[in-house]
Amino acid sequence: MYVDLGNALGTRPGLDRDTLDRLDERVADAHGTIAAGREAEEHGYAALNLPETTDADAIRSAVSRFENPAAVLTVGIGGSALGAATVANALDSEVDAYFLDNVDPEWVTRKLDALPLDRTVVNVVSRSGTTAETLSNFLVVRDAMESAGVDWTDRTFVTTGEEGNLRELANKHDLPALDVPDGVPGRFSALSTVGLACAAIQGHDLDALLQGGADAMDSLSGSLYDSPGYAYGAVSYALARRGAGVNAMMPYAESLETFAEWFAQLWAESLGKDGVGQTPARALGATDQHSQLQLYRAGPNDKLVTLVRPREYEDRAIPETDLDGLSYLGGKSLGELLDAEFEATEASLKAAAVPNVRIELERVDERNLGELLYAMEAATVLYGELDNVSTFTQPAVEWGKKAARGLLGGGDFEEADAVQDKETLVVE
Ligand SMILES: O=P(O)(O)OC[C@H]1O[C@H](O)[C@H](O)[C@@H](O)[C@@H]1O
């Protein structure tokens, strides 16, 4: 993986090489804290050990009972869905992957109607085992299977913590289950049982995913110049401090679109604390060159744009045409066009002094994905250290969870009272 910071320097927020060199001293301290946390397997830091601690054989063996599935349906939300979805949507497989990570009833019904339930593995994932959306969706799926005459206990697989409703359910029905590793927050769990069970069912190479993560892990040192992940985290932090409050993550590959979604949770939930943070925006090249780019280049001076692309891909030629106006495309390929668009965007942002960072993978495969996911997690943890926030908590999210639960009669939460206090100003 390659991170090019050149276009982050000399731009409007005013970051230069000397500032980065000074920041590197703080990176050394932060790395010390991170290394000590990993060593002690402290909550959160333990996630950066996953390439070494995840047992790929145990995951493969747990899912091996499902023979020739047509599809895998992951029921989970947030960190319990996005890592698996990132891998599933990046890589080809004969086993289709579907995700129920929302409780929009019409959407859930449409998804279930489209699935061959008798040939689908249901992968229910919840670290806490109590998340209302996940548990509700699972009850709906179970019911749909029963109605279709499918024995759901034969087709369901659970990944959860030691306690909670989901664990109880797995025990009661003797469902195969994998443990969520200790000390690993959901949004950092892509390279654990949480993210990899779906990948195993789809037949992806778990060892290569973990190897990619291990390669990124081995690059961590006391200097941002040694590690692509730290380099990205340090520069993002420095730019945010200088006013780049928005980070537009813009992969130039359809296969990486979900990666931007995964990144958004990681970045927002980890770093948005105590009045600081950097708002992740999701974009896709080249599509969003024709929409959001106008704002990124000419709107408020508050953005970092992160451009991601694979260096190698399977290309497709653009057919020759006898139209004069299109002759410049003849003999070119879609890949060449996409690459030209990428470089034009980069240059256009630089010309307007909008900071941007280029991230390149060799290609989109298991190893490179593992490296990318790990590097972004390391970037997040480093940024959190530099900004002095509690990277591994999410109290603001929990507030809303309690309020919703209280409204449904699931407990006496004062957050629910605040919902009742709502003032209205309706215009019809
Ligand atoms: O895995 P679960 O316990 O079901 O949690 C799923 C999600 O719930 C909350 O929204 C948390 O803030 C997320 O970090 C978490 O990924």
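For the numbers below, each heavy atom of this structure counts, side chains included, while hydrogens, waters and symmetry mates do not.
Side-chain contact annotation: E261 with Q265, donor-acceptor N/O pair under 3.5 Å absent. Between N137 and T134, the side chains place no donor N or O within less than 3.5 Å of an acceptor N or O (distance only, hydrogens not considered). Side chain to side chain, N247 and T306 meet the donor-acceptor criterion of an N or O pair below 3.5 Å. Using a 3.5 Å distance cut-off with no hydrogens or angles, the side chains of T345 and Y252 do pair a donor with an acceptor. Side-chain atoms of R127 and S189 form no donor-acceptor pair, as typed in the model, at a separation below 3.5 Å.
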| field | Working for side chain to side chain contact (heavy atoms under 4.5 Å, CB included), residues N388 and D274 | value | CA-CA 10 Å; N388 206 17; D274 312 323; over 6 Å; no

| said: Between S327 and D324, does the side chain to side chain donor-acceptor pair (under 3.5 Å) criterion hold? Intermediate values first, please. | reply: CA-CA 5 Å; S327 60; D324 279 353; 5.6 Å; no

| field | side chain to side chain contact (heavy atoms under 4.5 Å, CB included) between F157 and R65, worked out | value | CA-CA 10 Å; F157 177 82; R65 72 191 70 215; 5.6 Å; no

| task | Evaluate the criterion side chain to side chain contact (heavy atoms under 4.5 Å, CB included) for residue pair F138 and L169; output intermediate values, then yes/no. | result | CA-CA 11 Å; F138 175 58; L169 190 130; 3.4 Å; yes

| message | Show, in sequence, the C-alpha distance, side-chain angles and deciding distance for Y383 and Y232, and conclude whether the ring-ring contact (aromatic ring centres under 6.0 Å, His included) test is met. | response | CA-CA 9 Å; Y383 185 135; Y232 182 70; 9.2 Å; no

| task | Evaluate the side chain to side chain contact (heavy atoms under 4.5 Å, CB included) criterion for residues D288 and L293: first the C-alpha distance (whole Å), next the side-chain angles of each, then the deciding distance (0.1 Å), finally the verdict. | result | CA-CA 6 Å; D288 282 312; L293 193 65; over 6 Å; no

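Taking CD of E398 as the start and OG of S128 as the end, the distance is 9.5 Å to the nearest 0.5 Å. Atom CG of residue L372 and atom CG of residue L361 lie 5.5 Å apart, to the nearest 0.5 angstrom. Remark: L338 CG to Q289 CD distance equals 8.5 Å, nearest 0.5 Å. Taking CG from L382 and OG1 from T391, the interatomic distance works out to 9.5 Å, rounded to the nearest 0.5 Å. Rounding to the nearest 0.5 Å gives a distance of 9.0 Å between CD of Q211 and CE of M217. Atom OG1 of T54 and atom CD1 of I59 lie 6.0 Å apart (nearest 0.5 Å).
Ion pairing of R110 with D113 is absent here, as no side-chain N (NZ or NE/NH1/NH2) approaches a carboxylate O to less than 4.0 Å. Salt bridge R367/E371: present, at least one basic N to carboxylate O contact under 4.0 Å. Between E343 and R309, at least one side-chain N (NZ, or NE/NH1/NH2) sits under 4.0 Å from a carboxylate O, which counts as a salt bridge.
K332 places a side-chain N or O within donor-acceptor distance of the main-chain N or O of Y328, the cut-off being under 3.5 Å. Checking side-chain atoms of E385 against main-chain N and O of H31 turns up no donor-acceptor pair under 3.5 Å. Put simply, the side chain of R119 gets close to the backbone of N68: a donor and an acceptor are under 3.5 Å apart. K350 places no side-chain N or O within donor-acceptor distance of the main-chain N or O of N7, the cut-off being under 3.5 Å. With T159 contributing its side chain and V194 its backbone, the two residues share no donor-acceptor pair below 3.5 Å. D387 places no side-chain N or O within donor-acceptor distance of the main-chain N or O of V389, the cut-off being under 3.5 Å. Judged by distance alone, with hydrogens and angles left aside, the side-chain atoms of R167 form a donor-acceptor pair with the main-chain N or O of T160 at under 3.5 Å. Without hydrogens or angle criteria, E336 side chain to S333 main chain gives a donor-acceptor distance under 3.5 Å. Here the side chain of E366 pairs no donor or acceptor atom with the backbone of A208 at under 3.5 angstrom. A donor-acceptor pair is defined here as one N or O able to donate and one able to accept, closer than 3.5 Å; no such pair exists between the side chain of T393 and the backbone of P395.
Crowding of Y2 atom OH: a count of heavy atoms from other residues, nucleotides or ligands under 6.0 Å exceeding 12. Environment of CG in D226: crowded, with over 12 heavy atoms of neighbouring residues, nucleotides or ligands closer than 6.0 Å. Applying the 6.0 Å contact sphere to CZ of R405 captures no more than 12 heavy atoms from other residues, nucleotides or ligands. Around CD of Q294, the count of heavy atoms belonging to other residues, nucleotides or ligands within 6.0 Å does not exceed 12. Heavy atoms of other residues, nucleotides or ligands lying less than 6.0 angstrom from CG of D104 number more than 12. Surrounding CG of D151 are more than 12 heavy atoms belonging to other residues, nucleotides or ligands, all under 6.0 Å away. The number of heavy atoms from other shown groups lying within 6.0 Å of CG (D417) is above 12. In this structure, E163 places its CD atom where only 12 or fewer heavy-atom neighbours from other residues, nucleotides or ligands lie under 6.0 Å away.
For the pair M376 and I359, the minimum side-chain heavy-atom distance is below 4.5 Å. Between R155 and V141, every side-chain heavy-atom pair lies at or beyond the 4.5 Å cut-off. In this structure, the side chains of L220 and R38 come closer than 4.5 Å at one or more pairs of heavy atoms. Side-chain contact between D339 and Y313 is present, with heavy atoms from C-beta onward closer than 4.5 Å. Considering only heavy atoms from C-beta on, Y296 stays 4.5 Å or farther from N356 through its side chain. Counting heavy atoms from C-beta outward, Y374 and L50 have side chains that stay 4.5 Å or more apart. Using a 4.5 Å heavy-atom threshold, the side chains of L295 and K303 count as touching. At least one side-chain heavy atom of E362 sits under 4.5 Å from a side-chain heavy atom of E312.
Of all heavy-atom pairs spanning A253 and L284, the tightest one is O-CD1, 3.7 Å. Across all non-hydrogen atoms, the minimal contact from P280 to A264 is CG-O, 3.4 Å.
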